[in-house]
Amino acid sequence: MEFKVSNKANRLTLILMIVGVLFTAIGIISNIGEHNLVQRIMANGLINGFFFFAIGLGALFFLALQYATETGWYASVKRVIEGVAGFLPYGMGLLGTVLLVITFLDGAHIYLWMDKAYTTVGNHHYDEIIDHKSAYLSPMFFWIRTAVYFTVYMLFWRGFRNRSLEEDKVGGTEIHFKNYKKAAVFLVFFAVFSSSSSWDWIMSIDVHWFSTLFGWYTFAGMWCSTMTVLVLLTLYLKKQGYLPKVNENHIHDLGKWTFAISFLWSYLWFSQFMLIWYANIGEEVVYYMTRIDHFKVMYFGMFLINFVFPMILLMSRDAKRHAGVLTFVGVIIIIGHWFDVYIMISAGSMGEQARLGFLEIGMALLVAGFFIRTILNNLTKAPLTPVNHPFLDESIHHEV
Amino acid sequence: MHKEAAIREPLILGHKTYHDITEDVCRPIEDKAPRMWYILFGIALIIGLYGVGCILYLLGTGIGVWGLNKTIGWAWDITNFVWWVGIGHAGTLISAVLLLFRQKWRMAINRSAEAMTIFAVFMAGTFPMIHMGRIWMAYWTMPLPNHFGSLWVNFNSPLLWDVFAISTYLSVGLIFWYIGLIPDFATIRDRAKRPVPKKMYTLLAFGWSGRAKHWNRFELVSLVLAGLATPLVFSVHSIVSFDFATSVIPGWHTTIFPPYFVAGAVFSGFAMVQTLMLVMRKAMRLEAYIHTRHVEYMNIVIMVTGSIVGVAYLTELFVSWYSGVEYEQYAFINRATGPYWWAYWSMMTCNVISPQLMWIRKLRRSLLFTFVISIVVNIGMWFERYVIIVTSIHRDYLPAAWSMHFPSHIDLGVYIGTIGLFFVFFLLFARFFPVLALNEVKTILKSSGESYKNAPDHGHGHHANDAHSHDAHEDNSNSNIQ
């Protein structure tokens, strides 16, 4: 069945974006003259650029995971996953632009290490630790890495998408086995890049700080947001009367993933926090000190929401098959995970000057509107149910 | 009825009926044990008894008989403890996590993997117990009210969390394993001819009747236990990793430890399952149920978890440099180039390089190759723990206190002894217990059995009908576990 974006959806995403622009404008105008306005705009660009890019990337990862594990049930929601993964090029454009602006406009206000003063011996800003890291944290190498991540992600995404559309036409199992192999290779790249890119883009904001778990923690958050988006999008499409072959069993499985990955994320959050808190080593606890000093309620609130809501509300089987409960939890935890990224980036860059005002909300709404609009538009470009997927029959008869 | 795509490989080879499955699993228990079993059992028993002797000597003399010194207060025993606990991860992962993921191939291996898990946890538990020196005080690890004064366990200590984590894990694992066994015990009971086995299996089967209601409850409890056991798969080894990571010792204190230990545990656990399963399938003629495809799946798990461990090693190395903390850096340089370089590079070769060979389809489907790699992996994982534990503490902040660890013959004896005891338990299990979850395997016969799966007429070919008419009255096990 071909998907058409309804007028209502078009209108709503447009309104979202207009409101976003308006709020952003209000935010900017009311803060003109503030010394940190530019920094604040850049930080928020990075927050939203990364958050929504990561959802697209998470969907690509999830798709590859299904291919590599030869999963059956997902076949009838595959196009939904592809729809979200299709945001990846736009997300990369967005994130790439933000990073370019940061690099060339005022790098040091987000990434302290971008300022030469910190690595020049004799300069009164000279910082031995940053200088030590400069072999890795230099604008040049940073951009080489970013370009490599983007290129690899893009190539794999194009490949998966083209083969998926081709499979609709030609069928057979050749494409399936090719996807299987490519997905395994993608996962290898992803395993390395998801960690190293989170060091580059996020961990290096708190330039002195380090944590070996950081990459996996960021990855879990990204995966969790992705699963939430997939659930919400599937429920939306069902409600519009699309996806006739998708029933509560598929929804249940998506719900289980959301539930499980929320646990994974909480587990990693706890592991990182607890170990640093327990050992209480100065250079490590400083990260949490900033967060507890300036973002206490938001930080722990974010953790509780992202952990407790899915745990309690999605525990039962019925809840995971109930559109209302899933939508409620989904909306809450996606906001919760946005706050996670917000704190990750703001605490390191803005610190105590971070605010949550028109500017922050406006920019988030603007990108969210663009994100939803792009995804809905992506969905119109291919039949919503793949035709010749070898596991389609398994998926249609799926029952849990 | 679940559909299964034609391109999926069958999980049960050849033409099997329900009755064949019962026969194939029960016959080794009902027949006389082969001579080989007695030989292996004898060897394992002798090694195990030697280990028990060493333990008794240790308890009589004190833990000074170990190769510890005042810099290295923790080495061989804790290495073995973590090694065994790690091995004991596969069973629960297979029975719980793979159940939730609806992996049908797990049914061929879950029973013996769970047994293996339980025995491995027994062996693991031995080490901290004997490290207490006065083993009869072991109950002091429990937060019991006592009349010795204000003595109370230290709730801040990850070692105590270990006590809770592992005992919970063992209890849930044991219950999970036993509940799965009940219907199979009933099958053996129903077939038993001699009075003693009949009595024994009647007792073990808990009055199982095979009624729909029993099956219903069986499935319900399996799902609940799977839900409970899944977090346990993570918690146990996470908490074991806290033993090290909560400290401030460079090389121990790193945040990636919990998930990385879990991945390593699953890695070594699956390797041990491979080692045991490859021998068992041959010895007990279960080749139709545990075949190349199963081995391949397990090899893929080994490859994936091995790669996760590899990424974690590299992350640790990178961050130790990136951190700029010279003690962190030294800990890793010392590992790779210090006096324990050979342990470090054994670990790297066995754990990071060898599983990568599994990318080659021919190799991961080769049984001989798999067998070799499975042992290599467990050697590697033993070295991993030894490297982490010993190399991080043998050169501490005070160079005058630098030291080396050399295991004493008692150290060696206790370790080898636990391997012997482990095999004693496993061989007894293989002799008296159904090594395959026969009633569960029956549930996938029609959807994944070679002669039914792609039979003409959508799986209701003449073979399928055949099987029905033969066994329908004998087996009332058409349950649908998932």
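Residue numbering restarts at 1 for every chain, and letters A, B, ... go by the order of the sequence lines. Here the structure is a predicted model, which is why all the values come from computation and not from measurement.
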Engineer: Where does the angle between the aromatic ring planes of A:W113 and A:Y111 fall among parallel (under 30°), tilted (30 to 60°) and perpendicular (over 60°)?
Structural biologist: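 The rings of A:W113 and A:Y111 sit tilted, inter-plane angle from 30° to 60°.
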Engineer: So what's closer than 4.5 Å to chain A heavy atoms on B:I300: side chain, backbone, both or neither?
Structural biologist: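 Just the side chain, heavy atoms under 4.5 Å.
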Engineer: Please work out whether the ring planes of A:Y288 and A:F273 are parallel, tilted or perpendicular, with thresholds of 30° and 60°.
Structural biologist: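 If you compare the ring of A:Y288 with that of A:F273, the planes turn out perpendicular.
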Engineer: Using the six-membered ring of B:Y297, assess whether NZ or CZ of B:R106 lies under 6.0 Å from its centre and within 45 degrees of the ring axis.
Structural biologist: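 Judged by the rule (NZ or CZ under 6.0 Å from the ring centre, within 45° of its axis), B:R106 is not positioned above B:Y297.
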Engineer: Using the six-membered ring wherever Trp is involved, compare the ring planes of A:W223 and A:F61 and label them parallel, tilted or perpendicular (cut-offs 30° and 60°).
Structural biologist: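 Perpendicular, since the angle between the ring planes exceeds 60°.
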Engineer: Quick one: what part of A:N280 sits under 4.5 Å from any heavy atom of chain B, side chain, backbone, both or neither?
Structural biologist: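 The answer is neither part of A:N280.
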Engineer: Could you tell me which portion of B:F318 (side chain, backbone, both or neither) has an atom closer than 4.5 angstrom to a non-hydrogen atom of chain A?
Structural biologist: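 Contact with chain A involves the side chain of B:F318 alone.
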Engineer: Just checking heavy atoms, which of residues 230-244 of chain B are less than 4.5 Å from chain A?
Structural biologist: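 Heavy-atom contacts from residues 230-244 of chain B to chain A are B:F234, B:S238, B:F242.
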Engineer: Please rank B:L314, B:T246, B:I308, B:V311 by heavy-atom pairs under 4.5 Å with chain A and give me the top one.
Structural biologist: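 Counting heavy-atom pairs under 4.5 Å, the top option is B:T246.
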Engineer: Heavy-atom distances under 4.5 Å only: say whether A:S134 touches chain B with side chain, backbone, both or neither.
Structural biologist: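 For A:S134, no heavy atom lies under 4.5 Å from chain B.
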Engineer: Using non-hydrogen atoms and a 4.5 Å limit, figure out which bit of A:E70 sits close to chain B: side chain, backbone, both or neither.
Structural biologist: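 Both backbone and side chain.
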Engineer: Indicate the ring-plane relationship of B:F257 and B:F261, choosing parallel, tilted or perpendicular according to the 30° and 60° boundaries.
Structural biologist: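 Aromatic pair B:F257/B:F261 classed tilted.
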Engineer: Quick one: what part of A:M274 sits under 4.5 Å from any heavy atom of chain B, side chain, backbone, both or neither?
Structural biologist: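 Side chain only.
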Engineer: Is B:V97 in contact with chain A via its backbone, its side chain, both, or neither, using a 4.5 Å heavy-atom distance?
Structural biologist: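 Answer is neither: B:V97 stays 4.5 Å or more from chain A.
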Engineer: Please classify the contact between A:L268 and chain B as side chain, backbone, both or neither, with a heavy-atom cut-off of under 4.5 Å.
Structural biologist: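 Side chain only.
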Engineer: Okay, side chain of A:W73, backbone of A:H397: is any donor-acceptor separation there less than 3.5 Å?
Structural biologist: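 A pair under 3.5 Å: no.
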Engineer: For B:I7 and A:T173, work out which heavy atoms get closest and say how close.
Structural biologist: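 Of all heavy-atom pairs spanning B:I7 and A:T173, the closest is CG2-CG2, 3.4 Å.
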Engineer: Between B:S320, B:G324, B:S307, which has the largest tally of heavy atom pairs under 4.5 Å with chain A?
Structural biologist: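 Top option by heavy-atom pairs under 4.5 Å: B:G324.
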Engineer: Less than 4.5 Å to any heavy atom of chain B: does that hold for the side chain of A:L137, its backbone, both, or neither?
Structural biologist: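 The side chain, not the backbone.
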Engineer: Counting N and O atoms only, with roles assigned by atom type, does the side chain of A:S198 sit under 3.5 Å from a partner on the main chain of A:S195, one being a donor and the other an acceptor?
Structural biologist: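 Checking the backbone N and O of A:S195 against the side chain of A:S198, a donor-acceptor pair under 3.5 Å is found.
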Engineer: With only heavy atoms counted, which part of B:W321 is less than 4.5 Å from chain A, the side chain, the backbone, both or neither?
Structural biologist: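 For B:W321, heavy atoms of backbone and side chain both lie under 4.5 Å from chain A.
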Engineer: Below 4.0 angstrom, N of the basic side chain to O of the carboxylate: do A:E167 and A:K178 qualify?
Structural biologist: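 Salt bridge between A:E167 and A:K178, a charged N being under 4.0 Å from a carboxylate O: no.
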Engineer: Relative to chain B, which segment of A:Y267 carries a heavy atom at a distance below 4.5 Å: side chain, backbone, both, or neither?
Structural biologist: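 Contact with chain B: side chain only.
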Engineer: Between A:A184 and chain B, with a heavy-atom cut-off of 4.5 Å, which part of the residue counts as in contact: side chain, backbone, both or neither?
Structural biologist: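 Both backbone and side chain of A:A184 come within 4.5 Å of chain B.
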Engineer: Mark yes or no: A:R145 above the aromatic ring of A:F141, with NZ or CZ under 6.0 Å from the six-membered ring centre and no more than 45 degrees from the axis.
Structural biologist: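 Here A:R145 passes the 6.0 Å and 45° test against A:F141.
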Engineer: Would B:R335 and B:F332 count as a cation-pi pair here, with the cationic atom under 6.0 angstrom from the ring centre and within 45° of the axis?
Structural biologist: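 Here B:R335 passes the 6.0 Å and 45° test against B:F332.
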Engineer: Please look at A:S395 and chain B and tell me whether the side chain, the backbone, both or neither of the residue comes under 4.5 angstrom of a heavy atom of that chain.
Structural biologist: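 Contact with chain B: none, neither part.
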Engineer: So, are B:R365 and B:E9 salt-bridged, with charged N and O less than 4.0 Å apart?
Structural biologist: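 Counted as a salt bridge, because a side-chain N and a carboxylate O are separated by less than 4.0 Å.
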Engineer: Please work out which of the three classes, parallel, tilted or perpendicular, describes the rings of A:W269 and A:F303, given edges at 30° and 60°.
Structural biologist: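 Correct class here is parallel.
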Engineer: Search all heavy atoms of A:T120 against all heavy atoms of A:Y126 and return the closest pair with its distance.
Structural biologist: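 Where A:T120 meets A:Y126 most closely, the heavy atoms are O-CD1, 3.2 Å.
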Engineer: Measure distances from B:V304 to the heavy atoms of chain A and classify the residue's part below 4.5 Å as side chain, backbone, both or neither.
Structural biologist: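 No part of B:V304 comes within 4.5 Å of chain A.
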Engineer: Would you mind checking which part of A:W209 comes under 4.5 Å of any heavy atom in chain B, side chain (CB onward), backbone (N, CA, C, O), both or neither?
Structural biologist: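 For A:W209, backbone heavy atoms alone lie under 4.5 Å from chain B.
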